[in-house]
Amino acid sequence: MSFIAELWKFLGVRKKFWLLPILLMMVLLGGLLVLSQGSAVAPFIYTLF
Amino acid sequence: MTSILGISAFYHDSAAALVRDGEIVAAAQEERFTRKKHDAGYPYHAVEYVLEEAGLRFSDVDHVAFYDKPFLKFERLLETYVAFAPRGFNSFRVAMPVWLKEKLFQKSMLIRNLSKHDGGFEDKDRLLFAEHHFSHAASAFYPSGFDEALVLTLDGVGEWATGTVAIGRGNDLKIIKELRFPHSIGLLYSAFTYYIGFKVNSGEYKVMGLAPYGEPRFKDLILDKLVDVKPDGSFRLDQSYFNYCTGLTMTNSRFAALFGEPVRNPESARLTQFHMDIAASIQAVTEEIVLKMCRSLASEYSMSNLCLAGGVALNCVANGKLVRDGCFENVWVQPAAGDAGGAVGVALAVWHDELKNGRSVSGTQDSMKGSYLGPSFSQPEIESRLSGCGAVFEVLKPQDMISQTARALADGKAVGWFQGRMEFGPRALGGRSILGDPRSPDMQRTLNLKVKYRESFRPFAPSVLREHVSDWFECGIDSPYMLLVADVCDEHRKEMTPDQEQLFGIEKLNVPRSAVPAVTHVDFSARLQTVHQDTNPLYHELISAFHALSGCPMVVNTSFNVRGEPIVCTPEDAFNCFMGTDIEWLAIGNCILRKEHQDLSLREDYTAKYELD
């Protein structure tokens with residue numbers, strides 16, 4: 001819960017509420033990806049993420 | 001008394017640092033303890049070590065500070081995917097699970113990990129976050145000896161920023177300009193590192209070492225097609241040649257077509273003159289950008305001191321050119337300029353910027369303590385640990401240990417040198433080093449191929465007595481952290497014969513370029529470490545003893561590890577590396593180990609133990 005509150009506050013401070021629908025879509029899509037695969041391993045690339 | 005724990009983690013080079021009342025007490029990278037190069041995990045061992053060094057329990061720590069802001073990074077990631085959609089789906093598919101499972105919840109992950117230390121972690125308000133480049137800027141400015149300085153940070157990318165300019169005055173530090181992703185000099189250099197077939201994020205040193213063997217014949221092409229550099233050094237990268245925003249490689253087919261060759265496969269394709277020319281070209285472009293930036297900043301702000309940090313600040317060739325250019329009177333580079341240094345930076349930022357504590361500076365001496373901020377071992381502990389691993393050693397008086405080791409060096413032996421506290425940052429500075437005689441024409445090849453198990457072209461650095469540096473190199477200033485490159489003085493150089501002039505690229509490696517060929521690169525340059533009596537008296541004494549024997553006031557200094565291995569941390573690590581390589585002599589504390597006395601069944605095969613870097 002505190003995570004959602006922090007994220008909400010972050011979007012407010014950054015004035016990035018327009019990211020919210022995209023964020024939700026991405027979380028849904030990303031959630032499907034998470035469910036469809038076993039492990040989360042960062043790939044061999046400069047650690048951009 | 002206020003204690004602040006700084007942490008850098010979860011991307012690469014995790015580290016922890018402890019600052020007490022503004023003094024850096026200890027700092028170490030996690031890789032040294034876990035023996036996993038560039039370990040990106042939570043730095044549990046490093047935290048335990050810095051607490052122990054400071055004599056603290058975790059519950060005694062007043063503030064814990066993390067070196068970047070995960071939400072901001074996530075914002076950049078999302079906006080990048082939106083900007084490039086649908087092209088970035090491949091990258092998105094890989095990145096999202098990592099973020100949704102772990103990285104988005106970094107604060108909770110951090111708290112969970114912090115709770116594993118004694119005393120737990122209840123008061124979450126003790127946890128603070130700073131922006132990535134602010135941590136870099138703080139690591140460059142606060143430990144410098146300057147009361148006032150311009151601070152330039154350049155790296156791959158933090159949250160949004162890829163480079164910043166800050167002004168530091170007293171305890172005040174403010175970022176005044178920034179360059180933003182995807183326009184990044186660090187990512188540009190890494191793109192070429194990838195193209196030449198080296199590992200991104202660790203092979204950049206190799207590109208720099210390869211550059212002097214080539215001609216920068218692609219420099220104009222790079223400046224014409226890939227990078228639009230403005231007169232003030234700011235720039236934009238043409239993203240149509242790169243793939244890092246949307247894909248899982250640094251460059252794309254258009255990039256390869258521009259230069260006419262595919263990405264080199266490190267397993268099957270040899271390094272050719274083409275790759276050396278590419279390395280020389282990107283090095284020249286990097287130097288031009290850094291110099292333009294600094295000249296423009298010097299004229300805009302009229303300040304005489306410059307501090308540097310961020311991974312690009314480890315490009316000591318560019319640093320050397322910057323110092324020689326003279327646009328700033330004084331330049332100081334944070335020795336742990338990469339992400340590990342963010343741990344020191346963020347802890348100092350809390351002390352000075354958040355808690356508003358003042359700062360006293362000497363004007364000449366920095367507060368990094370020679371970067372000897374890691375673990376040390378007492379003589380009884382060394383003896384017991386060496387006995388535990390079956391080593392055969394003799395214990396000498398300190399004076400005898402010095403004189404016999406100097407003699408071993410003069411006899412051309414490869415010497416392991418393990419003394420005092422371990423260095424913080426990527427360079428070994430005489431705490432965990434492999435040493436050799438720089439006068440020997442075979443030393444570079446021997447150390448590269450038989451000791452380090454790495455490519456023969458890679459240069460070695462000299463550790464030279466500070467008081468003799470200008471007798472041998474075109475450099476009159478301190479370079480205690482091996483972050484400046486200077487040329488060997490004319491009188492010590494050896495010119496090539498007409499036949500040797502005809503040689504190409506790496507063939508020139510075998511041509512001695514000076515009276516100290518093992519530390520002189522093909523273009524007469526050397527990556528200097530000046531050794532100072534006040535910061536490392538024992539190392540100073542050893543080189544002085546070698547000087548007395550040989551007339552040469554320097555030794556070859558390379559990190560105590562093999563290719564791909566983290567630098568040794570404990571006497572056991574040192575013994576294993578000694579046994580697994582052709583190091584012939586090892587000095588740990590006052591213990592001397594000779595290879596011929598050891599039980600060879602303890603020898604481990606080190607040639608393939610670590611991955612190529």
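Computed from a predicted model, the values in this text were never measured in an experiment. The chains referred to below are lettered A, B, ... by the order of the sequence lines, with proteins before strands, and numbering in each begins at 1.
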Checklist entry - Most heavy-atom pairs under 4.5 angstrom with chain A, which of B:Val82, B:Leu104, B:Thr80? => result B:Leu104
Item to check | Region of B:Lys69 in contact with chain A, defined by heavy-atom distances below 4.5 Å | outcome: neither
Next on the checklist: Within the 4.5 Å heavy-atom criterion, are B:Glu75 and A:Leu11 side-chain neighbours or not?
Outcome noted: no
Checklist entry - Do the non-hydrogen side-chain atoms of B:Tyr81 and A:Ile22 ever get within less than 4.5 Å of each other? => result no
Checklist entry - Above 12 or not: heavy atoms from other molecules or residues under 6.0 Å from NZ of B:Lys36? => result no
Checklist entry - Out of curiosity, B:Glu79 CD to A:Leu19 CG, how far, rounded to the nearest 0.5 Å? => result 5.0 Å
Checklist entry - Is the number of heavy atoms from other residues, nucleotides or ligands under 6.0 Å of B:Arg180 CZ greater than 12? => result yes
Item to check | Sub-4.5 Å side-chain heavy-atom contact between B:Phe71 and A:Glu6 | outcome: yes
